[in-house]
There are 2 protein chains.
Amino acid sequence: MTSSLNKPVARPSIAEYLISDILAGQYRPGDFVPRELDLCERFAINRSAVRSDLRQLVDGGIIERISGHGSKVREYSQWHILDPQVTDWLTRYAAPNPDIQRQILAFRLDVEPYVAMTAAKRATARDLVAIEEAFEGLGQNLRNATCPEERRLHSECDVAFHEAIFKATHNIVWAQLSHILRPSIYMLVSMSNESALDPDESLEQHRQLMESIRLRRPREAFSAAQAVLAGTAKALGLEDGASSLGCSIKHR
Amino acid sequence: MTSSLNKPVARPSIAEYLISDILAGQYRPGDFVPRELDLCERFAINRSAVRSDLRQLVDGGIIERISGHGSKVREYSQWHILDPQVTDWLTRYAAPNPDIQRQILAFRLDVEPYVAMTAAKRATARDLVAIEEAFEGLGQNLRNATCPEERRLHSECDVAFHEAIFKATHNIVWAQLSHILRPSIYMLVSMSNESALDPDESLEQHRQLMESIRLRRPREAFSAAQAVLAGTAKALGLEDGASSLGCSIKHR
DNA sequence: TTATGAGCATATGTTCAACATATACTTTTG
DNA sequence: CAAAAGTATATGTTGAACATATGCTCATAA
């Protein structure tokens, strides 16, 4: 019975422990992590569990296993940063590399205006409901920036807002991509919401984006999405990189 | 010694067997696949191996495991079609759903012109080498459409061509996305290359795309990429869906 | 002295069997 | 007839034994 209460807590998996150490610089690309048997002893679990966790790291492109030798940390560029699991780890266990932040933001700047534009053409009433509900949540959890729980809710709604727009394209690839990007987006909005920025302005930008989609004005939706992301970039102090990349979509 | 020769052949994994049966309609969404012990007996392997393979299917979002009950096939919409493994299975074991083809093509129509445009702005000499090498390969394996091996090579080069352009954006997210899209792109180019279409025209379209990137003409690259994809759509007989979606990028 | 190969130490890869837990169905009892 | 207890059956977890791959050491011969 009590064990059922402990279960949800879940042991911080060895994967998470190792990720944490890797991101902290304890093990760097090219280094070898401790061998399986040492990990077994250290965490007092069996080898099957260790190997299961190590496999997660392999799937994420984070380590490379060499038979009879050990598990080597791969170069950062090899990591599967579009793997939801990997991005989730990055979100929780690292102040991610600013360069990675910038590149993810640059990618969103490339992509989201188009997604918004497509959504403006194809969104159904049901899609609008989802977008609107997320927007309501944004407004409700706006003020109490002091409470961590409120902040978390606000970020969740922000993510849900963007996710609903992806879904409104009615293209499975975009929809799936939104799932993949979810942790990345969460990371970016969390960080940007912590920054000191006018919340009312941000809310207004989101509102304009939503309205453009509702009124089926693709070009306005395009611009509105750009504005929202520009706000995020500004909050993160990444305007430079963002603007230099933003040019890739200012051609309309 | 001989075993080392047999290894590369590899047993068709249970995952592949099940996928094949699922795609053939043997097991449909909502159905349960045979239980683990039956699969053990059927393929004469141990349960660990079976479970390992089933886990692959779970990772791909294809089945859902219910403790104490069985493994249920999930709805197609739940499948992780951006997972390279999944798309690879789809490529090899199914004449994929035409609707999925259309949506993937629609996605590429949304995305690749932008990727090409960005590549035209940022491509280095080294990037151009990769693009050019792939293009050379395209030309060399053009004529002998009779030989399956030549056809395979041609498709490989086509994929490499697109992949090199993704890489030339110098954005890790686009680069990773190219890896994820790789099997999908391979599937599409293979099918389009089997269709009767003027190979010289296709080659010329690729050449124009390459030249636009070399000469740093983003807007031309944008149009050229559209042309290449339009050719693919035409070859697949998907012009309708493609054009209805293509409007999402005809706004320049 | 150096290059090569056999053999050994060590690490990961694979398989197997036993036990734990979760779910569905059946039976029993009020 | 309904609810609860019990049972059957499936998946989940664990631990040990064995197989294979890799790197290192040492002996031997050119």
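Each chain gets a letter, A, B and so on, in the order the sequences are listed, and its residues count up from 1.
- In this structure, the CG atom of B:N46 is 18 Å from the P atom of D:dA17, given to the nearest Å.
- By the 4.5 Å heavy-atom criterion applied to side chains, A:L39 and A:L18 are counted as neighbours.
- Ion pairing of A:R152 with A:E156 is present here, as a side-chain N (NZ or NE/NH1/NH2) and a carboxylate O approach within less than 4.0 Å.
- Look at CZ on B:R55: it is 15 Å from C1' on D:dT11, rounded to the nearest Å.
- When the P atom of D:dT11 is taken as reference, atom CG of B:D53 falls 15 Å away, rounded to whole Å.
- Note on B:R51: every side-chain N or O is 4.0 Å or more away from OP1 and OP2 of D:dT11.
- Take the nearest nucleotide of DNA chain C for A:S48 and for B:S67: the residue whose nucleotide is more 5' is A:S48.
- Side chains of B:S155 and B:D158: a donor-acceptor N/O pair is absent below 3.5 angstrom, by distance only.
- Within the structure, every side-chain polar atom (N or O) of A:R47 is placed at least 4.0 Å from both OP1 and OP2 of D:dA16.
- B:H179 has its side chain out of reach of A:L82: every pair of non-hydrogen atoms, C-beta onward, lies at least 4.5 Å apart.
- Proximity of a side-chain donor or acceptor of A:R122 to a complementary backbone N or O of A:T169 within less than 3.5 Å is detected.
- Closest to the side chain of B:R65, out of D:dG15, C:dT15, D:dT11, is D:dT11.
- Between B:L57 atom CG and D:dT11 atom C1' the separation is 15 Å, expressed in whole Å.
- The distance between atom CG of B:L37 and atom C1' of C:dC16, rounded to the nearest whole Å, is 13 Å.
- One can place CD1 of B:I14 at 10 Å from P of C:dT15, the figure rounded to the nearest angstrom.
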Throw together a table of side-chain donor-acceptor distances under 3.5 angstrom for residues 19-33 of chain A, partners on residues two or more places apart or in other chains.
from: A:D21; atom 1: OD2; to: A:Y17; atom 2: OH; distance (Å): 3.4
from: A:D31; atom 1: OD2; to: A:R28; atom 2: N; distance (Å): 2.9

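- Note: A:F107 and B:W174 have perpendicular aromatic rings, judged against thresholds of 30 and 60 degrees for the angle between ring planes.
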Distances for protein N or O near nucleotides 24-26 of chain C N or O, under 3.5 Å:
none

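- Whole-Å rounding puts the B:E36 CD to C:dC16 C1' distance at 14 Å.
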